[in-house]
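Excluded from the calculations below are hydrogen atoms, water molecules and symmetry mates; all remaining heavy atoms, backbone and side chain alike, are included. Proteins get letters first, then strands, A, B, ... in listed order; numbering begins at 1 in each. Every value quoted in this text rests on a predicted model; they were computed, and no experiment measured them.
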Amino acid sequence: MKRSNHYTTLVYITSACFFLVALALLAAQPLYAAATVGAAAPDFTGLASSGQTIHLADYRGKYVVLEWHNNGCPFVRKQYNSGNMQKLQKEWTAKGVAWFTILSSAPGKQGFATAGEENDFMAKMQAAPTAALLDPTGTIGHLYDAKTSPHMFVINPQGVVIYNGAIDDKPTTDLADVPGATNYVSLALEESMSGKPVATPVTRPYGCSVKYSDVR
Amino acid sequence: MPSGFRNSTRFLLAQSRIKQEMLQPRTRSRFRFPLVLGVVLLLRAAIACATPTPITHGTLELVSDKQWIQSGHSFDLALRFELENGWHIYWVNPGDSGEPPRVEWQLPKGISAGAIEWPTPRRLGSESVVDYGYESSVLLIVPMHSETTLAAQPSTQLSAHVKLLVCSHEMCIPGKADLSIALPVKTAAAPEQDGMRQLFAAAHASLPRPAQEWKFTVVDAKDAFVIDATRVHQADHSDHANPRPGLTQKVTREATQANFFPLEELQIDNAAEQKLTLTGLGFRLAVQKSNQLQKPVDRLKGVLAIGDQGYLVDAPVRRSGEQKPGGTKTGAAVK
């Protein structure tokens, strides 16, 4: 009996050790969880240029669009100078979608903006996202494995990623290409809202690389 | 194998939309302009031929490997990029960001352009965003063909409208360039263009080629594609008595740097490290799959760079645990 107790203790200690090692290994993994279509969208807390703190979890029950942004990138300029991005923001937020513009450029890199600079940009461009999130450490960017600006994600009311990729099917910097483009974000939202599966859930996000601090 | 590769390159890009248009003056002989126009065109051609066009952070020039076009024969034109330090352009699959240059040709009737022949690219970028492209000097060769019906003439103008994206690690700048080159058309065999021999030879050498000395097999190992590269033993007379140690050393030397570049987007995690292990007669490269991969990859296509040499890869992907394809073709191999 006593012997068996020892055995049990040993087993407990060993499994506890294994558990701790496994935990340590998991913790050692960088947070490059990425947002995989069909999987739960990684939760985050972000500071908006308005001063507000945004928790993604609070938006459960709504569709959420994430838009990676860098106002110096010509691919982003194409969307804003043509008015397309603002149009999409207005159209979808009017339909109850939460739209977050996310700035993951590190300080000193292209696209980095302070809260004031971002607010000025949004006012000048008449941009209308729910909020612009300042992510100079790239935490949210890495969490979603955002590669480019723009890189777009759509999350459904259940908190599942239903689209990850490009804004549209014209990977160019020409303003003239905007009108004829198929917008994947709108398609995903339209399809999902009418109960249909998203026909194109993954595309290659095109644009400039996100200017993380590790970008040399 | 190479033609398949090129075909898929064509499918992937369709970047060489060939416009076969006669270069005609827009207004019909209402003025005495044709002569003046001819002179202007010739002058422009001469200028275009002689000087590279400035682009953002570099220059771009259309060059020919031959002094003239021989009717009914093929020749090469090339986009010659000279980029400033720290600036790059992109491969046909640009990787995580960026876009490859795209060309629209304006060619006289009887001349047609093929697809760009892409040199073996390099990995560019950071820990989290990795692109595939070229820095400093690069020559993108475009094979051209002339019909036998192409009449001899003192000069014909070949023009290319190029859309390109030049990037540094800090920023990207889109650009456009209108290039042209004027070449005579003759029936005689065309000699090489002065000073272009070395340039084109180096460019041809930088193209990935079919692997004769290597055999590549690919296994789908859940989270990675595992590429096994085996050195195909070739009779080596100089070292016949003891070929293996020498070969192993050679393999080790070559294989310390190997990189796989997928032809198609979203197949691999571009930024992930490609883990290399030596296997005696070759090496094994574990290439992390993209977490955005939606369906199994039946054939893995791309370029495997071993040291400086790129090799074309077009191999069926065997599921781990699946029998090696023997005499009968597996479902995955038929496409």
Flag side-chain contact, heavy atom, 4.5 Å: C208(A) against M171(B) =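 Side-chain contact under 4.5 Å: no.
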Please determine, among S168(B), P94(B), S290(B), the option with the most heavy-atom pairs under 4.5 Å with chain A.
->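 Winner by heavy-atom pair count: P94(B).
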Heavy-atom closest contact (Q294(B) atom, V202(A) atom, distance) =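 Nearest heavy atoms, Q294(B) then V202(A): NE2-CG2, 3.2 Å.
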Please name the pair of heavy atoms, one in T203(A) and one in L266(B), separated by the smallest distance, quoted to 0.1 Å.
->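 T203(A) and L266(B) have their closest heavy atoms at C-CD1, 3.4 Å.
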Is it the side chain or the backbone of C73(A) that comes within 4.5 Å of chain B heavy atoms, both, or neither?
->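 When you check distances to chain B, no heavy atom of C73(A) falls under 4.5 Å.
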Under 4.5 Å heavy-atom distance to chain B, tell me which part of D174(A) shows up: side chain, backbone, both or neither.
->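 Only the side chain of D174(A) comes within 4.5 Å of chain B.
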Could you check whether atom [atom1] of [X] has more than 12 heavy atoms from other residues, nucleotides or ligands sitting under 6.0 Å from it?
{"X": "K275(B)", "atom1": "NZ", "result": "no"}
{"X": "Q126(A)", "atom1": "CD", "result": "no"}
{"X": "R123(B)", "atom1": "CZ", "result": "yes"}

Begin from the C-alpha positions of N270(B) and K147(A) and carry the test side chain to side chain contact (heavy atoms under 4.5 Å, CB included) through to its verdict.
-> CA-CA 10 Å; N270(B) 300 309; K147(A) 299 288 190 186; 5.9 Å; no
Drop me the distance from S213(A)'s OG to E127(B)'s CD, to the nearest 0.5 angstrom.
->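 Atom-to-atom, S213(A):OG and E127(B):CD are 8.5 Å apart.
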What part of L165(B) is in contact with chain A, defined as an atom under 4.5 angstrom from a non-hydrogen atom: side chain, backbone, both or neither?
->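 Side chain of L165(B) only, per the 4.5 Å heavy-atom cut-off to chain A.
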Of the backbone (N, CA, C, O) and the side chain (C-beta and beyond), which part of C167(B) lies under 4.5 Å from a heavy atom of chain A, both, or neither?
->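 Neither part.
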Decide, yes or no, whether a salt bridge links E170(B) with K109(A) under the criterion of side-chain N to carboxylate O below 4.0 Å.
->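 Answer for the salt bridge query: yes.
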Given N164(A) and Q292(B), is the side chain to side chain contact (heavy atoms under 4.5 Å, CB included) satisfied, shown in steps?
-> CA-CA 8 Å; N164(A) 173 349; Q292(B) 307 304 322; 2.8 Å; yes
Whether R204(A) side chain and S97(B) backbone form a donor-acceptor pair below 3.5 Å |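 Looks like yes, one N/O pair under 3.5 Å.
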Of L124(B), V129(B), D96(B), which meets side chain to side chain contact (heavy atoms under 4.5 Å, CB included) against S209(A)?
->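 That would be V129(B); it is the only one of L124(B), V129(B), D96(B) passing the side chain to side chain contact (heavy atoms under 4.5 Å, CB included) with S209(A).
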